[in-house]
Number of protein chains: 2
Amino acid sequence: MSRVDRSRTSASQDAVTVDLSAVIVTASPDGPLVLVRSQDGAAPLALPAGPLEPQHRTLEAGLRNWVEELTGYNLGYVEQLYSFGDANRHASARGQTSRSLSIGYIALVRETRPKQSSDISWASWYRFFPWEDMRSGDEPGVMTRIRESIAGWIAEAPHDARQDRESRSTNAFGKSGDRWNEELVLERYELLYEIGLVPEAHRDGAACWAPREAAIVEAESLQSDHRRILATGISRLRGKIKYRPVVFELMPPRFTFLQLQRTVEALAGIELHKPNFRRLVENQGLVEETGSVSTNTGGRPARLLRFRRDILRERPTIGVGLPSARSQKG
Amino acid sequence: MSRVDRSRTSASQDAVTVDLSAVIVTASPDGPLVLVRSQDGAAPLALPAGPLEPQHRTLEAGLRNWVEELTGYNLGYVEQLYSFGDANRHASARGQTSRSLSIGYIALVRETRPKQSSDISWASWYRFFPWEDMRSGDEPGVMTRIRESIAGWIAEAPHDARQDRESRSTNAFGKSGDRWNEELVLERYELLYEIGLVPEAHRDGAACWAPREAAIVEAESLQSDHRRILATGISRLRGKIKYRPVVFELMPPRFTFLQLQRTVEALAGIELHKPNFRRLVENQGLVEETGSVSTNTGGRPARLLRFRRDILRERPTIGVGLPSARSQKG
DNA sequence: CACCTTATTCTCAAACATAGTCTAAGTCAG
DNA sequence: CTGACTTAGACTATGTTTGAGAATAAGGTG
């Protein structure tokens, strides 16, 4: 059972450093927040990352360990996202002999207490992805400008690349009227990167169509490939809430229907139909009444609910539905 | 932009070796096959695995590279599965100073030509997971025996663990009549591991309820944690075919509806309703007619179809539906 | 030709989703 | 105290998708 049976295991792979990056998410009344670490000076923000230490029994244990040490937060739900390991993961790594490998995780925490003691703070994830917040349509007009840039990119395509560019962008961003697929966060980011509309593309020296100045000004970027990791995390979470009751990891012990709906909307970046949302959550038996009501609703008092923790045992493959992306008819 | 900003990056993490393990899948008339590597003597089979070499630009490129070198197959679809890195990933690793990290991938190939030149061969994945093939109910009775063992495990639970054991097993394996969720491959394997019904649990020295002799005799195990990786791969693939047209990576250029259905059934391990399957695939516009027919059907000739490759551009988030696990009413 | 096999088309009801309307029960300004 | 405003929560009408099955078509074979 020993590893010697691996005939091709070579010595050339030893110079690998592994670290764990975390997309740590919480929900506030102002929307989804993500934990970021500020650098010295005007350097871009970074996701918290820590080393993989030998004493950790599992990768996840390692992650929980250093995050809880660093922040004092109690991680609720934790899930591995993806392992990122391009040789040019960040510009400075080119020509480096050691490859750096980063295993991304997403974690949900309930507590928002500042804990700003250090260089750690919470930031709305829409600071980095303003185009992902479609709750009030394209209110600040970011999307309109993105679409214009993309239109230019398509128009200037060499003949054989035209169709491809067209379909990739309609797929990621939808046709103006067409249905927006809120899960394609990573696809959208990667398309913008490729076109050159995010600064990272220029920083990495990628060959892009758009000049550096064309970068979307409303969006803040992150260190190295952290915006890509964050995109992966948002994508995953937006998908997950549909078939697993993970939103409740972000809710207080007691909440109203509308609070729950607002949280889901904030995560998904889209608005939902109130009566239908209520019916769905009710029918799935995800919540039960606490008996008390919340009077500070601004209108009629709302019943306070609690998550039915039993449901996890009855059928864990259940979630709070969104207009499903399945029925994207052409 | 350099890595020095990572305050906690310690020197203690250097002794990590990374390798890429691959679940390489193809479909044959006899069901889904997975590429395995035989060891010397009576040692269990292994998944092919190769080192991460510094010259590979991306992880995926590295994987494609050595797999194609090793097997000569042309990998079609490739997707990262999960990074496995428990300190005791295999028994011999305990007490070892260097941690071994394995990044699992799933890859689909169309060609089945033997290529048995070396120690590499194809094996039905149900050899390792006989209980995952429910196409003809519980025909060989494996499942019945598993359920009996599980019943014993529940019966002998200490009072406070009873409910938990009960719900975990009904969730993974379903109640006798209840709907079987074909995606929970990993959950089922891990439950069996924990109970002690797979030899790996005893090999790893895990504390289990069942004695070593109780291991499910119909199932063959794999080296180290490879059966776990395979379970992850099957799970992912079973999920993916529902919303992405990946099955077609396993189909010949021209095929009939029934061939397509049989392939999906073989992967999912369940039977499907013929007219409904046809309707679904037709409505989604996944296929088009070639004009010719296949006469060796044993009955009325069937039209030969081809995959509409354009669909990938029109709407990539589409797949061949299975009875959706969503509507698992209590 | 009778009969077996698979292909292909229809039908029908149940379940679900979408997009509303309408009523209830609070707060707050005057 | 009233009327405007706010949110809660129940209900309705309509269309779409699914699950299960019957009915018909078109080949082969004894």
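Lettering of chains follows the sequences in order, A, B, ..., and the numbering in each one begins at 1. Since we're looking at a predicted model, the values are computed, not measured.
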Side chains of B:Tyr189 and B:Glu187: any donor to acceptor distance under 3.5 Å? no
Value in whole Å for how far the C1' atom of C:dA19 lies from CG of A:Leu272: 13 Å
To the nearest Å, how far apart are A:Gln261 CD and D:dG9 C1'? 12 Å
Given atom CD of A:Gln284 and atom P of C:dC16, what is their separation to the nearest angstrom? 9 Å
What pair of heavy atoms forms the shortest contact from A:Val109 to A:Leu250, and how long is it? O-CD2, 3.5 Å
Rounded to whole Å, please give me the gap between CZ in B:Arg279 and C1' in D:dG19. 8 Å
Stacked cation flag A:Arg188 on A:Trp180, 6.0 angstrom / 45 deg: yes
Using a distance-only test with no angle check, is there a side-chain donor-acceptor pair under 3.5 angstrom linking A:Ser292 and A:Arg254? yes
Distance in angstrom units between B:Asn276 CG and C:dT9 P, rounded: 14 Å
Please figure out whether B:Leu280 or B:Thr295 has its closest DNA chain D nucleotide nearer the 5' end. B:Leu280
What protein N or O atoms touch nucleotides 2-7 of chain C N or O atoms at under 3.5 angstrom, if any, and at what distances?
| residue | atom | partner | partner atom | Å |
| --- | --- | --- | --- | --- |
| C:dT6 | O2 | B:Arg300 | N | 3.3 |
| C:dA7 | OP2 | B:Lys274 | NZ | 2.6 |
| C:dA7 | N3 | B:Arg300 | NH1 | 3.3 |

Side-chain donor-acceptor pair under 3.5 Å between A:Asn171 and A:Ser169, yes or no? no
Could you check how far NE2 of A:His273 sits from P of D:dA8, rounded to whole Å? 14 Å
Any side-chain donor-acceptor pair under 3.5 Å between B:Asn276 and B:Arg279? yes
Rounded to whole Å, the CG-C1' distance (A:Asn296 to C:dC28) equals 15 Å
What's the CZ-C1' distance between A:Phe277 and D:dT7, to the nearest Å? 16 Å
